[in-house]
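Notes for the one structure printed next.
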Amino acid sequence: MDLNFNREEEEFRQKVRRFLEENMPKSGLVGTGREGREDKAWLEKSKAWQRKLHEAGYVALAWPKEYGGQAMDPVRQTIVNDEMVRANAPYLAGGSGLGMLGPTLISWGTEEQKKRYLPKILTAEEIWCQGYSEPGSGSDLASLRTRAEIVGDEFVVNGQKVWTSGAQYADMMFCLVRTDPEAPKHRGISYILIDMHTPGITVRPLVQMTGDRGFNEVFFDNVRVPRKNLVGKLNEGWIVANATLFHERNMLGSATGSAQRFNRLLAIAKKIKRGGRALTEDPVFRQRLADLEIRVEAMRYHSLRQLTDQIRGKNPGVEGWINKLVGTELNHDLATAAMEAMGDYSMLSRDDGAALDHGYWPYEWMFSLGLVIGGGTSHIQKNIIAERGLKMPKSR
Ligand SMILES: Cc1cc2nc3c(=O)[nH]c(=O)nc-3n(C[C@H](O)[C@H](O)[C@H](O)COP(=O)(O)OP(=O)(O)OC[C@H]3O[C@@H](n4cnc5c(N)ncnc54)[C@H](O)[C@@H]3O)c2cc1C
């Protein structure tokens, strides 16, 4: 088994690295890119950054050529993703379209939908949000109640979504609605595309514990959506919804991202002293670092295994859920270790001049906790892995 990238791939990596060094925005977009998302100036800068990446050929490399992709093998996309994380490149405003809706439409969309939506996802001309969760329907997503009635050539949508990330600036939403209230709960759901500028939509930002306004409540009051915006078959949206969830889970855990965080943790542990010596010399903390590094390394091999499966065209299975479960928990554990290492200094945020490591860790600790929940909580991932991966009896 050869776990190395070949010569052409390494040359490609160097090219991407140089591009990022020369072109990455130097100001106005923070590295993690998670802050200030309610700010219009941030949005415009983030869109411009995505356009630049797209023009250079570094966005959605594996998408088919007829929809603006390059039909490349998944290795190139992985290399670009890794280099973006390594360079601490800003988050892309069009991330939900690129990572979730785009791949779903490629498999499930009509030709008209693919031609209409995919090119504008690539150029960040249209920003998407995900309208799945509702009050009372998170883990039990299939219990959702937002209703869409068919009237002539349109759906008329009424109801409420919640925790909708980026809805405050999104142009479009991929949304789950109940189209047959009489059917068993997984059956009467449809997957539709809603223009967020349609009359009857109200978006109310929610403030997260990080202080960001990352997600929102979205209310629908007789919102009219053309029938041609249905993806997949009427009342059979659950299967399309799961395709999107798979892509989302894959997006949320990045082995390179965890390795970056580990290195950052190591760097502060070398500087912080306990009992007259650096934390890296403290036997108890060393044990903890070793445990975390083993998990980071295991995730690296796991992601290589997933990549191999993708190259071989094997259907993505339980590995995606493992990626989400282990990757997001690992990131939170890395942040927890850093917070404990910093002791009282862990209280100081980015605005405080005395904060260690520029106040990165308190923010990261709170944000990474959100990702353990978003995209399906750890408990739910464990249930799925047990039932579908290990074929254990269903939980009640
Ligand atoms: C940062 C962030 C961003 C998000 N962005 C979006 C978005 O853009 N669009 C969107 O639609 N949603 C979004 N969400 C919502 C997310 O999908 C839900 O929060 C998640 O699915 C959990 O649902 P819930 O919050 O209703 O919790 P609940 O389902 O009420 O769960 C509460 C607790 O009970 C546990 N639990 C529930 N059922 C079971 C079970 N069967 N077995 C074991 N334990 C169980 C859960 O693990 C959890 O600990 C986001 C959430 C976060 C945190």
Side-chain angles (χ1 to χ4, degrees), residues 3 31-34 78 81-89 91 95 99 139 165 208-210 214 245-270 272 279-280 282 284-310 316-342 346 356-357 360-386 389-390:
L3 295 176
T32 58
R34 294 159 182 170
T78 303
N81 295 350
D82 279 358
E83 288 303 310
M84 298 262 288
V85 173
R86 203 194 64 88
N88 203 17
Y91 168 90
S139 300
S165 302
Q208 292 162 258
M209 66 173 159
T210 52
L245 280 177
F246 171 78
H247 295 298
E248 180 177 17
R249 278 160 193 163
N250 248 354
M251 229 170 67
L252 291 173
S254 150
T256 313
S258 302
Q260 293 258 106
R261 288 180 186 86
F262 177 78
N263 288 336
R264 199 163 179 162
L265 165 65
L266 198 59
I268 55 157
K270 280 181 185 161
I272 296 170
L279 266 182
T280 43
D282 176 271
V284 176
F285 204 78
R286 277 173 75 88
Q287 186 70 32
R288 180 127 178 226
L289 287 171
D291 173 54
L292 287 165
E293 190 171 19
I294 289 166
R295 289 166 64 193
V296 168
E297 197 59 6
M299 279 308 282
R300 190 170 78 81
Y301 287 113
H302 179 72
S303 67
L304 287 173
R305 183 169 65 158
Q306 272 189 294
L307 183 59
T308 309
D309 285 348
Q310 267 180 289
V318 80
E319 288 80 8
W321 290 299
I322 296 176
N323 197 43
K324 200 279 171 183
L325 169 69
V326 182
T328 56
E329 290 203 345
L330 173 57
N331 287 341
H332 189 60
D333 289 350
L334 285 163
T336 304
M339 295 287 274
E340 287 177 21
M342 294 191 304
S346 64
L356 293 181
D357 201 5
Y360 168 81
W361 291 104
Y363 183 89
E364 175 58 23
W365 187 85
M366 290 185 278
F367 189 87
S368 59
L369 185 57
L371 292 189
V372 172
I373 299 166
T377 67
S378 285
H379 303 128
I380 296 303
Q381 308 304 316
K382 284 178 187 168
N383 278 348
I384 298 174
I385 293 166
L390 304 174

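The model shown is predicted, which means the values in this text are computed figures rather than measured ones. Excluded from the calculations below are hydrogen atoms, water molecules and symmetry mates; all remaining heavy atoms, backbone and side chain alike, are included.
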Go through it in stages, so that I can follow the logic: the residues are N81 and T256, the test is side chain to side chain contact (heavy atoms under 4.5 Å, CB included), and I'd like the CA-CA distance, side-chain angles, deciding distance and then a yes or no. CA-CA 9 Å; N81 295 350; T256 313; over 6 Å; no
Measuring from E297:CD to E293:CD, what's the distance to the nearest 0.5 Å? 7.0 Å
Do H379 and S139 make a side-chain contact, defined as non-hydrogen atoms from C-beta onward lying under 4.5 Å apart? no
Determine whether L371 and N331 make a side-chain contact, defined as any pair of heavy atoms from C-beta on separated by less than 4.5 Å. no
Step-by-step side chain to side chain contact (heavy atoms under 4.5 Å, CB included) determination, L330 to F262: CA-CA 10 Å; L330 173 57; F262 177 78; over 6 Å; no
Name the one of L356, T336, I268 that satisfies side-chain contact (heavy atoms from CB on, under 4.5 Å) with W361? I268
Only one of K324, R305, Q310 passes side-chain contact (heavy atoms from CB on, under 4.5 Å) with E319, and that residue is R305
Here the gap from L265 atom CG to T280 atom OG1, rounded to the nearest 0.5 Å, amounts to 10.5 Å
Return yes if some donor-acceptor pair links the side-chain N/O of D282 with the main-chain N/O of F285 below 3.5 Å, else return no. yes
In terms of heavy-atom contacts, V318 and G389 come closest through CG2-CA, 3.7 Å
Please determine whether side chain to side chain contact (heavy atoms under 4.5 Å, CB included) holds for the pair I272 and M342, giving the CA-CA distance in whole Å, both sets of side-chain angles, and the decisive distance to 0.1 Å. CA-CA 7 Å; I272 296 170; M342 294 191 304; 3.9 Å; yes
Write down the atom of M366, the atom of T210, and the distance for their closest heavy-atom approach. CB-CG2, 3.7 Å
Taking every heavy atom of I385 against every heavy atom of L325, the minimum-distance pair comes out as CD1-CD2, 3.8 Å
Close side-chain approach of N323 and M299, heavy atoms under 4.5 Å: yes
Ignoring hydrogens and angles, tell me if any N or O in the side chain of R300 forms a donor-acceptor pair with the backbone of V296 under 3.5 Å. no
Atom pair CG/CD of L292 and Q287 - distance to nearest 0.5 Å: 10.5 Å
Nearest-0.5 Å distance that lies between atom CG in N263 and atom OG in S258: 11.0 Å
What I want to find out is whether R288 reaches E340 closely enough, with some N-O distance under 4.0 Å, to be called a salt bridge. yes
So, do L279 and K270 sit near enough that their side-chain heavy atoms are less than 4.5 Å apart? no
Does the H332 side chain pair with the main chain of W365, one donor and one acceptor, at a distance under 3.5 Å? yes
Any donor-acceptor pair under 3.5 Å linking the side chain of Q381 with the backbone of G376? yes
Report the relative orientation of the aromatic rings in F246 and W321; use parallel for angles under 30°, tilted for 30 to 60°, perpendicular for over 60°. perpendicular
Grab the two heavy atoms, one from S378 and one from E329, that are nearest each other, plus how far apart they are. OG-OE2, 2.6 Å
Which pair of non-hydrogen atoms, one from R295 and one from D333, has the smallest distance, and what is that distance? NH2-OD2, 2.8 Å
Are any of the side-chain heavy atoms of V372 and T377 separated by less than 4.5 Å? no
Kindly give the heavy-atom pair with the smallest separation between A335 and S368, and that separation in Å. CB-OG, 4.2 Å
Using modelled atom types only, decide if a donor and an acceptor are shared between the side chain of T308 and the backbone of L304 within a distance under 3.5 Å. yes
